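These notes concern the structure reproduced below.
Whatever order the structure lists ligands and atoms in, that order sets their numbers, starting from 1. What you see is a predicted model; the values in this text were computed from it and never measured.
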Amino acid sequence: MKIARFSRIGFILAAAGSAVGLGNIWKFPYIAGEYGGGAFVLVYLLTVLLIGFSIMIAEMLIGYLGRRDTVTSFEELAPKSKGLWKFGGFQAMAGLLIMTFYSVVIGWIFNYIITSLSTLPATVEQAEQTFGSMLHTDIGTQLFYHTVAFIWITYVVNKGIKGGIEKMNLVLMPMLMVILGGMFLYAMSLDTFSKALDFMFMPHWEKINANAFVVAVGHAFFTLSLGMGAIMTYSASLEKNSNLVKNAFWVVFLDTLIAIVAGLMLFTFLYQYGSGPAKGPGLVFISLPAAFYEMGILGNIFAVLFFIALAFAGLTSSVSLVEPMVQYFIDRFGWSRLKASISMGLFFYLIGIIALLSNIDGFKDSLTWGDKNFFDWVDFFTAAVMLPLGGLVMAVFVGFVLPEEQVSSVMKSQLTWAYPLWRFSLRYITPVAMVLVILSLVGVLS
Ligand code: PHE
């Protein structure tokens, strides 16, 4: 089968596009806030380096050696005597599940781009009200923008790795960086910038507990797009002799840089114009618009640009969430790209409607089980269970299952002195951390 190959810069931007998503700009700042800023950021940086970076290389290696879709790569690489490992490709499913709510959230962002053009909420209470009424009562608006997201994503995936995914990332990623960079420079000129710096980097160790540690590991995973075949599927389209370590470094570096830049910028604005950082998940949809309001017309411009950047981050992640299953159906069942893209698109679109309805008054009750509605269950099940499980499988697969010669023949020359460290991390540090994350997040430890 012939696959269109990424250019080097195309691969790095596409993989970074996958990694830089709602996780960086929406989630990272608010969990950093919740777990006390500085100390949490340090723990997070350490996990990115020790665990995230090694798994990123391992995932790239499986794709690069397998050269096929995620499911087939596992099947072909698994040694005959270790038959069960060929099911490692189950993780490709996670992306479509994540997409069911991710697309709905991108829809909210589209809606905020349009509404921020004319009005911003004058107070946090008003912002809360606006967000709440969209979320709980407004089916029409949410459905409309969810549909726009579905069409956009399906269109790009249908154009393929080169003409769709690479092309979109080559345009949107630089634009995202320019928007965030520009807003960051403005934030640097405000007096509260130093407060934001303090908040992000001054460690308050007393706020760090086992839970913060687990959240840091879990987030490192989600934000780097690991454990669901996205990076693996992209890596199957790498040129031969690509340097996986350098590629992985760039992706991890850009992802981390953008999370920190976004965090510093948001906290500066919230200190300067709003009510300070600790505002929970509503940070970008509630506290931030109210802070932008205080800036007058400049606030509208910033709000629109900010939500555009957030939409770009979400869209470039989305295509990587859909592509693994699209590749699978093309590769294994001989489907045309059009048929595969539309089918996978409809899958997340239709189930996404259930996720959307599960926030709506009147539907909510029949779509809630235990303490979570459908939307939150999918989020929880994928992030807390599937991604870490995918990570565990990959670490053990590369660390123990693949013949050592096969791994070292590619990695030894690229990692040089760090090769034994990488292997050690995959065999011992990462698996233990993954098991802890899964256990604690599903509540066994708590
Ligand atoms: N990394 C993306 C984010 O930070 C989410 C994502 C997870 C994308 C897994 C692809 C795969 O939002």
- [ ] Flag F222 as yes when one of its N or O atoms lies below 3.5 Å from any N or O atom of ligand 1, and as no otherwise.
- [x] yes
TODO: For G23, counting its heavy atoms only, list the atoms of ligand 1 lying under 4.0 Å from any of them.
DONE: 3 (C), 4 (O), 12 (O)
Open item on the list: Strictly distance-based, threshold 3.5 Å: is any side-chain N or O of E166 a donor or acceptor partner for the main-chain N or O of F6?
Closed with: no
Task: Within-cut-off N or O pair, A230 and ligand 1, under 3.5 Å - done: no
- [ ] Using a strict cut-off of 4.0 Å, indicate which atoms of ligand 1 neighbour a heavy atom of S320.
- [x] 10 (C)
Open item on the list: Between ligand 1 and V20, is the shortest N or O to N or O distance under 3.5 Å?
Closed with: no
Open item on the list: Looking only at distances, can you tell me whether any N or O atom of S18, backbone or side chain, sits closer than 3.5 Å to an N or O atom of ligand 1?
Closed with: yes
TODO: Grab the two heavy atoms, one from M173 and one from G17, that are nearest each other, plus how far apart they are.
DONE: SD-CA, 3.5 Å
TODO: Would you check if the side chain of T154 reaches a backbone N or O of F150 as a donor-acceptor pair within less than 3.5 Å?
DONE: yes
Open item on the list: For a 4.5 angstrom cut-off between non-hydrogen side-chain atoms, does R427 reach V432?
Closed with: no
TODO: Would you please indicate if the ring centroids of F253 and F249 are separated by under 6.0 Å?
DONE: yes
Task: Numbered atoms of ligand 1 (with element) below 4.0 Å of T223, judged on heavy atoms - done: 1 (N), 4 (O)
Task: Short N or O distance, A19 and ligand 1, threshold 3.5 Å exclusive - done: yes
Task: Distance flag, aromatic centroids of Y328 and F333, threshold under 6.0 Å - done: yes
Open item on the list: Looking at W377 and W369, would you say the former's side chain and the latter's main chain have a donor-acceptor pair under 3.5 Å?
Closed with: yes
Task: Part of Y102 within contact of ligand 1 (heavy atoms, under 4.0 Å) - done: side chain
Open item on the list: Counting only heavy atoms closer than 4.0 Å, does ligand 1 sit against the backbone of M228, its side chain, both, or neither?
Closed with: side chain
Task: Heavy atom of W26, distance to ligand 1 below 4.0 Å - done: no
Open item on the list: Just checking Y30 against W26, ring centres under 6.0 Å apart?
Closed with: yes
Task: Nearest-contact summary for atom 10 (C) of ligand 1 - protein heavy atom, Å - done: S225 OG, 3.2 Å
